[in-house]
Student: 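Structure below; questions to follow.
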Amino acid sequence: MNRFRHALRLPRSPRPRRRMAGLLLAGTLAGALAPAPAAQARDTSPRPAACPEGLPDGAACWTGTDANGAHYAIAVPARWNGGLVVHAHGGPDLGDASDPERSLEDLGRWRVMVDQGYAWAGSSYRRGGYGTRMAAADTENVRRLFVEEFGEPRRTYVHGQSWGGNVAAKVVETYAPAGGPYDGALLTNGVLGGATRGYDHRVDLRVVYQYYCANLPRPEEKQYPLWQGLRRGSTLTTAGLRARLQECTGYASPPGERTALQQRNLDDILNVTGVPERTLESHLRFSVFTFRDIVHERLDGRNPFSNRGGVRYTGSHDDKALNAGVERFAADPAAVRDLSYDSDLTGRVAIPVLTLHATDDPTAFVEHEAAYRDTLRGAHRDRWLVQTFTGEHEHSALSDAEYAASLAALDRWARTGQRPTPRSVAAACPAFDRVYATGCHYDAGYRPAPYASRVRPRPGGTSWPAMTAAQEKAWSRVPGVGIAP
């Protein structure tokens, strides 16, 4: 476990590629990541930057670019407790390059962690597009950069929200052995079912939408299999997608302004897929643009998705016609392997993991927590897991008081070995809410239903983990396996 040995004295300015004199801590960087030869000349050291609005007074911030081209941001509070939170952001964003603003935006969003006395470091990742292992490596990179420049923290925690929860969980399995650099993980509203099962409801949405709407593509447009999300080279924009969704369902109009056909289309799509109306457009956008990225940019045009093997759609006004007419396809096993290796979780966890999830999360359904519980249980590692739930209705942000309570519970668990309970975390929250006044919404007795109760399972899809540790080890020996960084 990491130990913080020297008192903090904030420096006036950092010096490139050196530990900062006022932040000199014990410990050296072991096993530094080897950058590609072309990137070795890059200056990766952090430079002073303006902190996002709302960070506590006296906090100091830095930004930089790592050896792989990933922008990052770092913050250290004036009264540093010696701990570090390494943040994995969600998405994935779909830009070609690293976004220099993303890590700063995330620092502002989760400033509560700096307010609680922790240093914070987050990567924008080296590129946009799908790639869980790439994002995990970039998250680990920023931790190592922090240690190289500022010294080794007393304790280090990794945090991820949304897809970042999947990334952070991959960090735990890849870079956090017992006695390693991480002391715990906080996963909030995480996509913890992995990509080979975690996006099946969006596969279903894509084909059900096209059955009813027939405008993505339109009959007169160039046709393509729906598992592609969108054909390569299409110029469709998000605004264009919204226009087609509105044309078919009237989703953006008050119910009284929809035609009878629009209302029936909307009702059928929602009832069959289980997607909430308020996030229909965002789920459809993912099943179009992110699927295109996964298929064309990451898997060389191969199909990792399936809706055959007994997948039956129910809940429409005419299920027989729907199942007879919906597009069906089978996955390419090699594409499934590569996507699984990149994103699925083995459950091989050796540090405390605390999760926090809104029971009415409209994007990453709370049943992802059941998938993660079953994954760790299947790996005989569930002793390392504590899951907490709140009655909130949002995905991208939860109550600051709950983040603070969760981080405090995780820190206590890592320091003392005393495993918290959902009730103990909930009981501690009101003290933090007296500071943040954002509410404590815990449901300490909640237990999510199995993942298959929310998302139609494919053959073999009810056994967890989706990728065993043995599979991961075997696949790792396959040249070119997974998704390239």
Student: With no hydrogens and no angle check, is any side-chain donor or acceptor of E392 less than 3.5 Å from a backbone partner on H441?
Tutor: no
Student: If we ignore hydrogens and angles and just use 3.5 Å, is the side chain of R111 paired with the main-chain N or O of G108 as donor and acceptor?
Tutor: yes
Student: Side chain to side chain contact (heavy atoms under 4.5 Å, CB included) between N323 and R328: does it pass, once the steps are laid out?
Tutor: CA-CA 9 Å; N323 283 279; R328 301 277 182 176; 3.0 Å; yes
Student: Counting neighbours of CZ on R337 that are heavy atoms of other residues, nucleotides or ligands and sit closer than 6.0 Å, is the number greater than 12?
Tutor: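 Yes, CZ of R337 has more than 12 neighbouring heavy atoms, counting only those of other groups under 6.0 Å.
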Student: In terms of side-chain geometry, is the basic nitrogen of E369 or R373 positioned less than 4.0 Å from the acidic oxygen of its partner?
Tutor: no
Student: Taking D318 first and then R264, would you say they form a salt bridge - that is, a charged N and a carboxylate O separated by under 4.0 Å?
Tutor: no
Student: Of the non-hydrogen atoms in S396 and W110, which two are nearest, and what is the gap between them?
Tutor: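 That closest heavy-atom pairing would be O-CZ2, 3.9 Å.
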Student: Quick one: pull up CD in Q161 and OG1 in T188 and give me the separation to the nearest 0.5 Å.
Tutor: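 The OG1 atom of T188 is 3.5 Å from CD of Q161, to the nearest 0.5 Å.
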Student: Should the pair R244-E247 be classified as a salt bridge under the 4.0 Å nitrogen-to-oxygen rule?
Tutor: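 The answer is no: the pair does not qualify as a salt bridge.
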Student: Using only heavy-atom distances, determine whether the side chains of Y313 and D204 contain a donor-acceptor pair under 3.5 Å.
Tutor: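 Yes, D204 and Y313 have a side-chain donor paired with an acceptor closer than 3.5 Å.
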Student: Atom CZ of R456 and atom CZ of R458: how far apart are they, to the nearest 0.5 Å?
Tutor: 8.0 Å
Student: A cation-pi test, strictly: NZ or CZ of R133 under 6.0 Å from the centre of the six-membered ring of Y341 and no more than 45 degrees from its axis. Yes or no?
Tutor: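 Yes, R133 sits over the ring of Y341.
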Student: Is there a donor-acceptor pair under 3.5 Å between the side chain of E297 and the backbone N or O of G129?
Tutor: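 Pair absent, no side-chain N/O of E297 close to backbone of G129.
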Student: Using only heavy-atom distances, determine whether the side chains of D400 and T438 contain a donor-acceptor pair under 3.5 Å.
Tutor: no
Student: Whether D200 and R197 form a salt bridge (side-chain N of Lys/Arg under 4.0 Å from carboxylate O of Asp/Glu) is what I want to check.
Tutor: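 Not counted as a salt bridge, because no side-chain N and carboxylate O are separated by less than 4.0 Å.
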Student: Report yes or no: does S399 contribute a side-chain atom to a donor-acceptor pair with the main-chain N or O of G439 at less than 3.5 Å?
Tutor: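 It does hold such a pair.
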Student: Does NZ or CZ of R202 come closer than 6.0 Å to the centre of the six-membered ring of F291, within 45° of the ring's axis?
Tutor: no
Student: Can you tell me how far apart CH2 (W163) and OG1 (T290) are? Round to the nearest 0.5 Å.
Tutor: 10.0 Å
Student: Using modelled atom types and a 3.5 Å cut-off, is there a donor and acceptor pairing between side-chain atoms of R154 and backbone atoms of N81?
Tutor: yes
Student: Step by step, would you call E281 with R285 a salt bridge (charged side-chain N to carboxylate O under 4.0 Å, His left out)?
Tutor: CA-CA 6 Å; E281 185 267 327; R285 184 170 6 105; 2.9 Å; yes
Student: Using side-chain heavy atoms (C-beta onward) and a distance below 4.5 Å, is R155 in contact with D411?
Tutor: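 R155 reaches D411 side chain to side chain.
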Student: Just checking, is any N or O donor in the side chain of S253 or Q246 under 3.5 Å from an acceptor N or O on the other one?
Tutor: yes
Student: Can a salt bridge be assigned to the pair E140 and R144 using a cut-off of 4.0 Å between side-chain N and carboxylate O?
Tutor: yes
Student: Does F329 offer a backbone N or O that forms a donor-acceptor pair with the side chain of N307 under 3.5 Å?
Tutor: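 Looks like yes, one N/O pair under 3.5 Å.
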Student: When rounded to the nearest 0.5 angstrom, what is the spacing between OH in Y251 and CG in L245?
Tutor: 5.0 Å
Student: Would the F150 and W62 ring centres measure less than 6.0 Å apart?
Tutor: yes
Student: Parallel, tilted or perpendicular: which fits the ring planes of W80 and F146, with parallel below 30° and perpendicular above 60°?
Tutor: perpendicular
Student: Output all residues satisfying salt bridge (Lys or Arg N to Asp or Glu O under 4.0 Å) with R298, sequence neighbours left out; order by chain, then residue number.
Tutor: D293
Student: Any ring-ring contact (aromatic ring centres under 6.0 Å, His included) pairs touching residues 263-284, not counting sequence neighbours?
Tutor: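 Qualifying pairs, neighbours excluded: H201-H283, H283-F365.
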Student: Considering all heavy atoms of both residues, which atom of A176 and which atom of A350 are nearest to each other, and what is their separation?
Tutor: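 So the two residues come closest at O-CB, 4.2 Å.
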Student: Quick check for you: to the nearest 0.5 Å, what is the distance between L376 atom CG and W464 atom CH2?
Tutor: 12.0 Å
Student: At their closest point, which heavy atom of P304 faces which heavy atom of L339, and how far apart are they?
Tutor: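 Closest approach of P304 to L339: CB-CD2, 3.8 Å.
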Student: Is a side-chain donor-acceptor pair under 3.5 Å present for S316 with D319?
Tutor: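 S316 and D319 do have a side-chain donor-acceptor pair below 3.5 Å.
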Student: Any side-chain donor paired with an acceptor under 3.5 Å for D342 and Y130?
Tutor: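 D342 vs Y130: no donor-acceptor pair found between side chains.
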Student: Just by distance, do the side chain of T279 and the backbone of S282 share a donor-acceptor pair under 3.5 Å?
Tutor: no
Student: Donor-acceptor pair, T388 side chain versus T355 backbone, under 3.5 Å?
Tutor: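 Looks like yes, one N/O pair under 3.5 Å.
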Student: Examine distances only and state if a side-chain atom of D183 and a backbone atom of T156 form a donor-acceptor pair shorter than 3.5 Å.
Tutor: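 It does hold such a pair.
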Student: By the salt bridge (charged side-chain N to carboxylate O under 4.0 Å, His left out) test, which pairs, at least two apart or in different chains, include something from residues 419-434?
Tutor: none
Student: To the nearest 0.5 Å, what is the distance between CG on L266 and SG on C248?
Tutor: 8.5 Å
Student: Using a 3.5 Å distance criterion without hydrogens, assess whether the side chain of Y72 forms a donor-acceptor pair with backbone atoms of D138.
Tutor: no
Student: Looking at N166 and V191, what are the two nearest heavy atoms and their distance?
Tutor: CB-O, 3.2 Å
